[in-house]
Amino acid sequence: QVQLVESGGGLVQAGVSLRLSCAASGRTFSRYAVGWVRQAPGKERECVAAISTSGLSTYYADSMKGRFTVSRDNAKNMVYLQMNSLKPEDTAVYCCAVSEYYSRSFIVRSHSPDEYDYWGQGTQVTVSS
């Protein structure tokens with residue numbers, strides 16, 4: 001089991017950038033694929049980005065491509081989500097999570113939040129117009 005703690009959220013205006021960080025505690029962190037999942041009131045959970053164990057493969061939801069970048073530093077047990085050109089519709093709680101399923105086989109075409117096993121508490125991102 002791995003424990004995750006997110007940070008970096010805040011209240012910003014549209015067009016501004018934020019970088020979210022996810023700190024993991026487990027020694028086996030490098031064995032897990034890590035995703036960023038957001039939840040907004042009245043909306044379904046959505047995996048916005050994910051990264052494979054090695055960091056060589058990434059997934060992005062279509063609306064995030066070109067705006068969001070996920071990266072990891074296994075030596076530091078850290079995963080990051082760089083968010084550029086933020087839009088009001090990006091407002092949500094962003095959680096990092098690890099997936100045993102995607103750790104075994106990383107899929108780049110789609111990611112389901114239902115396949116993630118361990119979750120952080122989340123960090124709030126609010127984008128005003």
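All residue numbers in this chain count up from 1 along the given sequence.
Of the inter-residue distances, the one linking Ser85 atom OG with Asp90 atom CG reads 9.5 Å to the nearest 0.5 angstrom. Atom CZ of residue Arg38 and atom SG of residue Cys47 lie 10.5 Å apart, to the nearest 0.5 angstrom. Thr58 contributes atom OG1, which lies 14.0 Å from atom CZ of Phe68 (distance to the nearest 0.5 angstrom). Expressed to the nearest 0.5 Å, how far CG of Leu81 lies from OG of Ser71 amounts to 8.5 Å. Between atom OG of residue Ser57 and atom CD1 of residue Ile51 there is a gap of 9.0 Å, rounded to the nearest 0.5 Å.
Note on Val79 and Val48: same hydrophobic cluster, where clusters join Ile, Leu, Val, Met, Phe, Trp and Tyr whose side-chain heavy atoms are under 4.5 Å apart, directly or indirectly. Connection of Met83 to Val37 is not established within any shared hydrophobic cluster, with ILVMFWY side chains joined at heavy-atom distances below 4.5 Å, either directly or through further cluster members.
Classified by interplanar angle (parallel below 30°, tilted 30° to 60°, perpendicular above 60°), the ring pair Tyr102/Tyr116 is tilted.
No hydrogens or angles considered: nothing links the side chains of Glu89 and Thr91 as a donor-acceptor pair under 3.5 Å.
Here Lys76 pairs with nothing under the salt bridge (charged side-chain N to carboxylate O under 4.0 Å, His left out) rule; sequence neighbours left out.
Applying the side-chain hydrogen bond (donor to acceptor under 3.5 Å, both in side chains) definition to pairs two or more places apart or across chains, none involves residues 18-27. The disulfide (SG to SG under 2.5 Å) analysis of residues 50-86, with sequence neighbours excluded, yields no pairs. Applying the salt bridge (charged side-chain N to carboxylate O under 4.0 Å, His left out) test to residues at least two apart or on different chains, none of the pairs has a partner in residues 92-111.
Among all heavy-atom pairs drawn from Lys87 and Val127, the shortest one is O-CB, 3.3 Å. Closest heavy-atom contact between Tyr94 and Leu20: CB-CD1, 3.6 Å. Minimum heavy-atom separation, Leu56 to Ser52: N-OG, 3.4 Å. Tyr118 and Val2 get closest at one heavy-atom pair: CB-O, 3.9 Å. In this structure, Ser110 and Tyr59 approach most closely via the heavy-atom pair CA-CE1, 3.5 Å. Nearest heavy-atom pair across Glu115 and Asp117 is O-OD2, 3.8 Å.
Through side-chain heavy atoms spaced under 4.5 Å, either directly or across other Ile, Leu, Val, Met, Phe, Trp or Tyr residues, Met78 is tied to Tyr80.
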N/O donor to acceptor pairs below 3.5 angstrom from side-chain atoms of residues 4-15, sequence neighbours left out:
residue : atom : partner : partner atom : Å
Glu6    : OE1  : Gln121  : N            : 3.1
Glu6    : OE1  : Gly122  : N            : 2.8
Glu6    : OE2  : Cys96   : N            : 2.8
Glu6    : OE2  : Gly122  : N            : 3.3

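A cation-pi contact, defined as under 6.0 Å to the ring centre and within 45° of the axis, is absent between Arg67 and Tyr60.
In this structure, the side chain of Ser103 engages the main chain of Ala33 through a donor-acceptor pair within 3.5 Å. Judged purely by atom type and a 3.5 angstrom limit, Asn74 uses its side chain to pair as donor or acceptor with the backbone of Thr53.
For His111 and Tyr101, the ring centers sit 6.0 Å or farther from each other.
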